[in-house]
There are 2 protein chains.
Amino acid sequence: MPRIPAYVAIAESLRARIESGELKPGDRLPAERELVDDFNVARMTVRHALDTLQMEGLIDRKRGRTGGTFVRSIPPVLDLTRIVGIDRQLREIGLEQTHQVVQSGIVEANHSVSSALSLELGDPVFRTEIVRYIADNPAIVEVFYVAREFESVIEHLDLALIDAFSITMGTTVDRREDLVTPGAATDAERKTLDVPGGTQLLRITRKTFAGEEVIAYSELAIRPDVAQVRVVTHREDETSLQP
Amino acid sequence: MPRIPAYVAIAESLRARIESGELKPGDRLPAERELVDDFNVARMTVRHALDTLQMEGLIDRKRGRTGGTFVRSIPPVLDLTRIVGIDRQLREIGLEQTHQVVQSGIVEANHSVSSALSLELGDPVFRTEIVRYIADNPAIVEVFYVAREFESVIEHLDLALIDAFSITMGTTVDRREDLVTPGAATDAERKTLDVPGGTQLLRITRKTFAGEEVIAYSELAIRPDVAQVRVVTHREDETSLQP
DNA sequence: GAGTGGTCTAGACCACAGC
DNA sequence: CTGTGGTCTAGACCACTCC
């Protein structure tokens, strides 16, 4: 029998109390120093256990006199496979969405951007960084890159990008491709999203197509504690049973 | 000016070396004890920095005489919005996929399962746990639940579920919905996927529909270092510009 | 002020994988 | 055997937030 590390045992014990429903979303777990007494370990070991639960998305932590460690509650769902903007999706379920342009201007294309948009490394591109708030919580950071001549699409950030292109440029967008990966917040995201270091995010890198050409490239980072992501696939999308 | 924690500064420094290309995928970073000397901090602080980079998906760590900390290489892409099975998608890009049924049998529906399949808590359901290997690496754990009478679909695990239902039951599947979240490996997943604790995974909970009825519910956990996930959305899926 | 989580130290020993 | 990462201790002080 392999030995079970203490921090794993502690995490299992707390996870069991959450999954059994003994601790419900919003409930507070014992303070770290209490857990130290309960399990007879050093505080770093308790923190390692809590770190893993936080990475799993089961708990949130707040500091201060009324802070503590809490069971995470279930966030609203955003549909990746709907073309309509986030704004409208949230309004349908009765939530407020606002956004704020953090920065925008011409920058030199880095490697990811230039290869996505078929440019040379260092070519000028128009970059916009947006933070979207759901019910006043910073929820999503979106950085998007377009060729300079498309700059005016940012006048319609409340719309889906697809419609913004159609209105401002007359360009017909017909497809987008999203790569979805998990990953912790970087320091920059940590600041704009106002989360502690190490928070788990859902990352999406998106290519928006007009025909076979990529006309926009964006990177989204979503706080999973304020928005879940859904993907819907219909049978008609593809005939699957051919050899 | 807020003070920058040492572990953040160390992580930033290493991240910069990776993103600049000074360290390429597969390259080895300095050993932890070397970094301790380089940055004049305790080893726990270096490890905290490396933990955050690991959570971001930038590095992998291996122990043993020839182990170390390595820059992660870029994994193949699986398309969530294609109905064809994982098996065929990988064969198209020249990779081997095998799978193994870890366990299967009748269990009592827990809360998630019963509410997804419209059953009562504790009702019997057929549960199958599968591990999928990509190029001999354990890549995906898939647990799926169906009503007992659909049990025979597991005879066709190499096919997409949609076709398995069609062949064995004559049931026409026409839609599926996936919820995508990030989250670290639990202890159970850690064992079956053979990853160290705290590894980031991409989690998908999937409902498979026949008409408005959910006929299968599955939970997938994907190792992002062996498979990336893509979502493709077409314009025709929805008319977006209505008020 | 007081109690919460966040950072950090300077060690120790363990587990693993090649040589 | 040796060098790698993994776990753990028993403290310390900091930063935040409400009272």
Side-chain angles (χ1 to χ4, degrees), chain A residues 1-12 14 26-55 58-72 184-185 187 190-191 194-199 225, chain B residues 1-12 14 26-55 58-72 184-185 187 190-191 194-199 225:
Chain A
M1 278 291 290
R3 185 177 137 281
I4 293 176
Y7 79 92
V8 173
I10 295 169
E12 273 176 352
L14 295 172
D27 283 359
R28 217 185 93 168
L29 276 67
E32 294 180 358
R33 289 160 179 86
E34 283 181 62
L35 293 171
V36 164
D37 291 341
D38 294 351
F39 290 100
N40 280 302
V41 292
R43 187 161 160 236
M44 286 296 277
T45 304
V46 163
R47 283 185 60 73
H48 194 170
L50 293 176
D51 285 346
T52 67
L53 294 178
Q54 184 172 41
M55 297 296 93
L58 280 176
I59 59 168
D60 293 308
R61 291 143 117 181
K62 285 189 186 59
R63 46 177 153 182
R65 184 70 176 79
T66 52
T69 304
F70 301 87
V71 180
R72 177 181 291 183
D187 310 315
R190 189 184 155 180
K191 281 164 201 150
D194 185 31
V195 291
T199 302
D225 57 336
Chain B
M1 276 292 292
R3 185 178 138 284
I4 292 175
Y7 80 93
V8 173
I10 295 169
E12 272 175 353
L14 295 172
D27 283 359
R28 217 184 94 169
L29 275 68
E32 294 180 357
R33 289 160 179 87
E34 283 181 62
L35 293 170
V36 165
D37 291 341
D38 294 351
F39 291 100
N40 279 301
V41 293
R43 187 161 158 234
M44 286 295 278
T45 305
V46 163
R47 284 186 58 74
H48 195 171
L50 293 176
D51 286 345
T52 67
L53 294 179
Q54 184 173 40
M55 297 294 94
L58 280 176
I59 59 167
D60 293 307
R61 290 145 119 182
K62 284 190 187 61
R63 47 176 151 182
R65 185 68 176 78
T66 53
T69 304
F70 300 87
V71 180
R72 178 181 290 183
D187 309 314
R190 189 184 155 179
K191 283 163 201 153
D194 185 32
V195 291
T199 302
D225 57 338

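Here is how names work: the chains are called A, B, and so on, in the same order as the sequence lines, proteins then strands, and each is numbered from 1.
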By nearest nucleotide on DNA chain C, pick out whichever of R47(A) and G64(A) is the more 5' one.
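This one resolves to G64(A).
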
Residue closer to the 5' end of DNA chain C, N40(B) versus E34(A) (nearest nucleotide)
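First, find each residue's nearest nucleotide; the 5'-ward one identifies E34(A).
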
State, with a plain yes or no, whether a side-chain heavy atom of [X] is found less than 4.5 Å away from one of [Y].
| X | Y | value |
| --- | --- | --- |
| V71(B) | L58(B) | no |
| R61(A) | D51(A) | yes |
| L35(B) | I10(B) | no |
| T69(A) | L14(A) | no |

Are OP1 or OP2 of [N] and a side-chain N or O of [X] less than 4.0 angstrom apart?
| X | N | answer |
| --- | --- | --- |
| R61(B) | dG6(D) | yes |
| T66(B) | dC19(C) | no |
| T45(A) | dT7(D) | no |

Is any NZ, NE, NH1 or NH2 atom of the basic residue among R28(A) and D60(A) found under 4.0 Å from an Asp or Glu carboxylate oxygen of the other?
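A salt bridge is absent here (no side-chain N lies under 4.0 Å from a carboxylate O).
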
At less than 3.5 Å, do the side-chain atoms of R63(B) and the base atoms of dG18(C) form a donor-acceptor pair?
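It does not, because no donor-acceptor pair links the side chain of R63(B) to the base of dG18(C) below 3.5 Å.
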
Spell out yes or no: do the side chain of R65(B) and the base of dG5(D) have one donor N/O and one acceptor N/O closer than 3.5 Å?
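No pair found.
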
Rounded to the nearest angstrom, tell me the gap between atom [atom1] in [X] and atom [atom2] in [N].
| X | N | atom1 | atom2 | answer |
| --- | --- | --- | --- | --- |
| E32(B) | dG11(C) | CD | P | 17 Å |
| L50(A) | dT7(C) | CG | P | 13 Å |
| H48(A) | dG5(D) | NE2 | C1' | 12 Å |
| D60(A) | dT4(C) | CG | P | 18 Å |
| D37(A) | dG11(D) | CG | P | 13 Å |
| F39(A) | dT7(D) | CZ | P | 17 Å |
| M44(A) | dG11(C) | CE | P | 16 Å |
| R33(B) | dT2(D) | CZ | C1' | 11 Å |

Can you figure out which of dT9(C), dT4(C), dA12(C) approaches the side chain of R43(B) most closely?
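When the side chain of R43(B) is considered, dA12(C) is the closest of dT9(C), dT4(C), dA12(C).
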
